[in-house]
Amino acid sequence: DARVKNQEEYDDDADFDEEEVYARTGQEGGTSVVVDAADRANWVRKPLKKPLCDRSDALLFQQLDIDYVVDKPHETLGSRRGKGDAAVVRMFGVTNDGHSVCAHVHGFEPYFYASVPENFGEADCETFRRRLNEEVSSARKNAPGVFVIAVTLERKQSLMHYSEMKDRLFAKITMGLPNMVSAARGILEKGFSVPGIRDGSFTTYPTFESNIVYALRFMVDCGVVGGNWIELPAGDYKVRSKKVSHCQIEVDVSYDKIISHPAEGEYSKLAPFRILSVDIECAGRKGHFPDAKQDPVIQIATLVTEQGSDKPIIRAVWTLDTCAPIVGADVLSFKDERELLRNWGSFLRGCDPDLLIGYNIVNFDFPYLLDRAETLGVADFPYWGRMIGTKVRMRDTVFSSKAYGTHESKEISCEGRVQFDMLRAIQRDYKLSSYSLNAVSAHFLGEQKEDVHYSAISELQNGTPETRRRLAVYCLKDAYLPQRLLDKLMYMYNYIEMARVTGVPLNYLLTRGQSIKVMSQLLRKARQRNMLIPHMAKREGGNVQAEGGVAYEGATVLEAKSGYYEVPVATLDFASLYPSIMMAHNLCYSTLVPKHMVSKLNPEDVGTSPAGDTFVKANKVKGILPEILEELLGARKRAKADLKKATDPFVKAVLDGRQLALKISANSVYGFTGATVGQLPCLEISSSTTAYGRTMIDHTKKMVEERYTTMNGYAGNAEVIYGDTDSVMIKFNTPDLAEAMRLGEEAAVYVSDTFLKPIKLEFEKVYWPYLLISKKRYAGLLWTNTEKYDKMDTKGIETVRRDNCLLVRQVVETVLEKILKERDVQGAVKYVQNTIADLLMNKLDFSQLVITKGFTKEADSYGVKMAHIELAQRMRQRDPATAPVVGDRIAYVIIKAAKNAKAYEKSEDPIYALDNNLPIDTNHYLDHYLTKPLLRIFEPILHNAQSVLFHGEHTRRIAQPTPTAKAGGIMQFAKIRLSCIGCRAPISDEKLSKSLCKNCLKEEAMHLQRALASVNGLEEDFNRLWTQCQRCQGSLHQDVLCTSRDCPIFYRRKKVQKDLTEAAAQLKRFDW
Amino acid sequence: MACAVERARGTRDGSTTNEKYALTGRVDHGQYYQLYYNRLMALKPRAVASARARWPNAPVRGVLELKEHEPCVVVGTVYKEMKDKPIILDEYVKDFEREVYEAKRIERGNYCREDDRLEFEDEGARVRVLGVDAGRFVTGVVCAFKGRATSKGEFEVEDAAVFAPARGGEDAVTTADGDAKYVCLVSGLELGGRGSSAENLARNQMFVDYVTGASVMDSDAASDCDAAHICQVVVAGGTLNVNAPSLDDSTASAAASAAAVKELDLMFTEIASAVPVDVMSGKSDPTNKAMPQQPLHPVYFTEATRFEKTMRLATNPHEFSVDNISFLGTSGQNVDDVLTFSTIGADDVSSSFSGDDAAKPAVAALSQTLRWQHVAPSAPDTLACYPFKDRDPFVIDTIPRVYFAGCQEAFGADRVAHERGETLVVSVPRFSTTGCVVLIDVRTLECRVTRLA
């Protein structure tokens, strides 16, 4: 076979020179590689048209990543005050023409502040510096050197608390290196003695801005925000002759020469940066999740796309062992796994991507590759960063945030390249019932994805070049999906906008919480006001949950008057409630009046919140937080206005991303003040905010109910039936939708007038009809115009909970639709009764009954026995090869088990249950899954819901499956005799008929037709299900391997296969 | 029920050929890929041979072996990507998109769109095909394309597709000697269901009388009447229109269908006593729905099946020969499906078409399946069929002399020329709506329609 032969030749000379690989792989193309050498030229970035001249050309680029290194200070640009090494900031980015840039920024020294006594004189500075230096030195085991470079005095103000005194004295302490800041801070806060200051007595010095990351400090001081455009004017920078990075352009510049452009006008665009999407496949051993210590990496699929273009410029897959060619993709095959890794590594460096994306790359693909290379001893592999000769470093981190919860994860340092894990981004931004790539792409892209179980992967790998090709096609698809999700969700636009608005580097957005973003804005604002942010020592230990949770009284809601409302219910919303309260009442660190100060201030100048805290009013001094919020919301307003005007889809995408980022940022400010373990908690602010919110809701209720009465000439007496955190639901008691809208509009203005600006109550929508179950649980048809409802809106109802089976979701959804859309309560009741009857008769689609739960390490170590964990153990005993392992999601159904069986013993693998005819415990589903949610919905509507829904005729017929030997019990010993298809009586004379008893034989045609009816329905289902799987996998001639348990038809197609084979056998008994 | 006429006798054969459509032994529902694979394996050598004849200079390449810009021939199975094709996942679409899908799901005559695209797949891989009108194909057709791979990895077709000609049969030579000898094709009698009106009963009786010769009272005319020359009757599906009762159905409807069944039995007893009759299963008949449809169960014909020699219950498709003239026919589902999922239509019949204009699309589609050498290429993609493991019985191995489809709107016939000669292609109309039967003279292969009502 010519192809294989060619492959061998290819493998023989597979040890490429790093630079040569791109030129060479194309040439062997002969018969196996479809894409020829011309395309390989695209793998590397386009060369510069002419060399950059630092005397005549300005350098303009969009920076995407900023970090720093400790290095020898630059001869001319570096700071000469420190004696040793200095910190050098590096900015990585891309020019408008798509050339990569690395700018070394010199001369920016780390510093912080300490509050010092007013009598601290200029002369004391040097003494102080020397003493502090000594202390730092001794903390470093008496290491010699200059750690504290300079101490100077400045007059500034603390951000914390309102103070009549405008200026206070601070010492600005400049350190040699960033990592010395924390040491110095510790010494100052613990206290030490300095000769001449307070008579040389032991003194503590509160520090300010002493916990700011150096890179962020640099960005704040130089006005750089995440992802903005940087200009280095001609003559102010120097091109490096000897490059230390893989970037095409490498320059040195002093920090004060940088021009940082605000992201406006032409500087709001995005550079054509390179996005590399990756997916790997490994060959796991039977029964184990792949382990990098033992299991080889068999394929790496890689796609490279340029930002702004919709087609990838590179589609390539690296395979272990031969692989048949793939049209439109490059296939690089290797006999040796080491070579494979080595080659991919050098490809990565040559292709020089700015962004690395993928699905779960940070916790799976990347660590696996790195661990594998280490296991195999491929020493030259882990050089993925942009700095020549610098290895990728990996460590475990625990990320904990109030908003996102606690995650264990890996942190991989890859200098100059931003890692953007789509799994993480989507987990942060969307609430989904499952985050598997399949579920996510079904949700956002509207398509199912073929899912090959990892036990099948090894089989494909051990097959032929064609089976490996199949794997490669699958792998390429998985590498393409993250890119498509990135585009579809406009992640680049939204995240870069967010980075620009909040001023943090792009990579902070995924790796850090909300607070750094607020901190960054606070720092910038404080700097303008000549204010300093105090450093607050983080409280040690403590339970995150307990402290971060309910430290102050949160937002309460008005008691819900539950019921089914058939008249329109108008909803008034507070627009940006918390931000506007903070603005209206000037709530800020800098306006908070300490308790003992309150009496000293003019009562006209202050306001005391319902929570009892006092803040200075804006006419006296404006708070920083209100100012940040004003700017954020002002910018959002502008963005929304521009968005309306914009026609170009790209501009629209950018503007929409911006307004969204601004909204999220505005809302996170409140959270920042309430985060007790955060950087700068101030519960006075957050509890005052919510207290104001509560009184406003009460106030609104009172005003509305007093004004809209029949006594005042209105059609009905208004009633506030529910109030959430930032909305009030009003029943005006008019059956007319238009009238309810008009009254809602009017009431919004009427009540708004009584609030301080910019607090504003807005009328947005009417619910009609409206089903209010309890607080935070409701459903209704949402109307914003009188023509047609917008949608059905539900909250807190079992429609999205991931651990429910599909049945519950579907029933609840349909019931709500019938009640709300069709206004057919009787129809809903009938539907529930029918569904329950079908359930009990076992006629429901099997996949609706499947429940999935994650198999996590923690779950395994819980003392409590859990259904899915028990099942995993049983499955391991049956077949270790396919049993789920930690990390998988386990799907199960509840089957009938022996009497007194524990709940956790009733779980069973759906496939196993199907194969062995294990009967479903339909009563369990009814009692444990359906009853509660349905009663919740129906109780406000029907007074006898329980008896109507769950008792009666429809619950009497229950399918009793024929016991099988597999199910155990007495059936193991039973002899099977044919029974009549018509009446189930045993057939006494099998010679007469194998299908029917004597009696039923008289109506053979009818019984035959019944048997046919069941076969025909199944044949159609079988056909539609299995052809669909074939379409999805993209091949007609190959068998369907997919085992995607997230796919709605996965169990159904299996069940129909079985049912049809059985029904056909049944039919055969009619002597056909 | 005496035979009123002295009639022509033909020798018929068919019991053996139909074995390939019969599901015997254990029926096991696996997957569909083997069916596609076997289809490709059966048709590929033939397509390769025709391609070599047509483009002697172009090498035949597998999809995996394509080289950019090299002119070559590829042979494989067509897959047509259609945005509007109804799929089962539509049942699961999200609420806010449902309206779009609802609109799509409304029963349509045709699901084709301008932007339908063709993919082409051999046993190795799949490639997108450019330069071909996707409307002319349905998924599952095996053919050869000549063209070249583009730099984007697509295949640009440069010439018309080549299909695989089948073997010719050892059919009798046609001759006008002797008396006419007819095979009578009829379909859509539709007893029970909507065909149970009194009018329909009368019409069906007319048909019985017609083929048995009972309608001919004048004994002189008896030897000249059609009945005397009919040597074989073939019912191409749609015999019964009985909805299979579900478990909840009332006994009334069950009784009604029982009555229809009884009547049917009587009717065929009459026919079978006079002339050999083959009853093929069809769409509305009480048998399995997926192709190949199995013969109707003898329980429906307790009387008629006593005529063992003349009464034959047949599969759909049905292959048989009369006086060494080979026939192949279906009850029409294959034609309906091709018309639903392609743009093949009335304009595609040849100038030799005869019959009702309304039959043109059906004749065109049927002719096309003959060229494709496959009775039902769109099965299983859009037409349900049994997932055969070891063969594709729908591949046309021996090209028939007469090729027909039942249960069509109107009568139409055309002659399709091919390397092995010529095949008569016939659209057999639904009797219940047209009152027409088709007569084919096996001596001359002339074909005409007779309206009985």
Side-chain angles (χ1 to χ4, degrees), chain A residues 3 29 31-32 34-36 38-39 324-329 443 446 448 466 469 473 791-792 813 817 1003-1006 1008-1010 1012-1013 1015-1016 1019-1031 1034-1040 1048-1049 1056-1058 1060-1061 1064-1065 1067-1068 1070-1072, chain B residues 23 26-34 36-37 40 63-68 77 79 87-89 91-97 121-127 139-140 149 151-154 242 244-247 254 257-258 261 286-290 294 297 299-300 380-385 387:
Chain A
R3 204 160 63 236
T31 56
S32 74
V34 177
V35 180
D36 75 2
D39 286 283
I326 298 164
V327 183
H443 188 264
Q448 292 291 331
E466 277 72 32
R469 174 188 185 277
V473 168
K791 60 169 181 173
M792 191 171 85
E813 250 173 52
E817 251 171 53
E1003 300 193 35
E1004 190 176 2
M1006 192 185 76
L1008 178 65
Q1009 274 177 27
R1010 278 189 184 161
L1012 276 169
V1015 165
N1016 284 336
E1019 273 184 345
E1020 190 189 323
D1021 272 3
F1022 175 89
N1023 177 259
R1024 297 181 64 203
L1025 290 162
W1026 283 96
T1027 50
Q1028 179 55 39
C1029 287
Q1030 227 148 3
R1031 288 178 202 133
S1035 159
L1036 302 175
H1037 301 130
Q1038 288 170 325
D1039 52 336
V1040 175
I1049 66 174
V1056 78
Q1057 219 168 17
K1058 192 170 172 57
L1060 182 52
T1061 301
L1067 203 55
K1068 283 265 173 202
F1070 283 94
D1071 287 323
W1072 209 307
Chain B
L23 301 178
R26 186 177 152 74
V27 177
D28 190 10
H29 286 81
Q31 293 188 18
Y32 280 122
Y33 70 101
Q34 287 141 309
Y36 278 121
Y37 187 80
L40 181 63
V63 171
L64 289 175
E65 303 158 348
L66 288 178
K67 277 185 280 189
E68 214 177 309
T77 311
Y79 175 76
I87 60 171
I88 198 154
L89 288 176
E91 289 176 15
Y92 300 90
V93 293
K94 277 167 284 179
D95 196 37
F96 62 90
E97 284 170 0
E121 179 178 330
D122 64 11
E123 59 273 46
R126 187 180 267 203
V127 66
T139 295
S151 51
K152 284 186 185 153
E154 290 150 337
V242 182
S246 71
L247 291 171
S257 58
V261 165
T287 179
N288 65 319
K289 286 270 183 295
Q294 298 305 294
H297 195 277
V299 73
Y300 300 112
D381 193 50
T382 47
L383 180 62
C385 79

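Just so it is clear, the structure is predicted and the values come from calculations on it, not from any experiment. Values below: every heavy atom of this structure, side chains too, minus hydrogens, waters and symmetry copies. Every chain is numbered from 1, with letters handed out A, B, ... down the list of sequences.
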I'd like to check the side chain to side chain donor-acceptor pair (under 3.5 Å) partners of B:Q34; sequence neighbours left out, ordered by chain and number.
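Listed in chain order: nothing, the list is empty.
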Taking all heavy atoms of [X] and all of [Y], pick out the closest pair and write down the distance.
{"X": "A:H1037", "Y": "B:D122", "answer": "ND1-O, 3.2 Å"}
{"X": "A:R1031", "Y": "B:I87", "answer": "NH1-CG2, 3.3 Å"}
{"X": "B:N288", "Y": "A:L1012", "answer": "N-CD2, 3.6 Å"}

Once rounded to the nearest 0.5 Å, what's the spacing between atom CD of B:Q294 and atom CG of A:L1067?
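Rounded to the nearest 0.5 Å, the CD-CG separation comes out at 9.5 Å.
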Nearest 0.5 angstrom please: B:L383 CG to A:T1027 OG1, how far?
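Going from CG on B:L383 over to OG1 on A:T1027, the span is 10.5 Å.
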Contact class of [X] relative to chain B, heavy atoms under 4.5 angstrom:
{"X": "A:Q1057", "result": "both"}
{"X": "A:R469", "result": "side chain"}
{"X": "A:A1064", "result": "side chain"}

So for B:I88, is it side chain, backbone, both, or neither that comes closer than 4.5 Å to the heavy atoms of chain A?
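Both parts, backbone and side chain.
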Sequence-distant partners of A:S1035, side-chain contact (heavy atoms from CB on, under 4.5 Å), two or more places apart
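side-chain contact (heavy atoms from CB on, under 4.5 Å) check on A:S1035 returns A:Q1033, A:Q1038, B:E121.
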Among B:P380, B:G140, B:P387, who wins on heavy-atom pairs under 4.5 Å with chain A?
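Top option by heavy-atom pairs under 4.5 Å: B:P380.
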Against chain A, work out which of B:T139, B:V299, B:T382, B:D381 has the most heavy-atom pairs shorter than 4.5 Å and name it.
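Heavy-atom pair counts peak at B:D381.
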Do side-chain atoms of A:D1039 reach the backbone of B:Y33 as a donor and acceptor pair under 3.5 angstrom?
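No: the side chain of A:D1039 does not pair with the backbone of B:Y33.
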Any side-chain heavy atom of [X] sitting closer than 4.5 Å to one from [Y]?
{"X": "A:E466", "Y": "B:L64", "answer": "yes"}
{"X": "B:Y36", "Y": "A:Q1030", "answer": "yes"}
{"X": "A:V1040", "Y": "B:Y32", "answer": "no"}

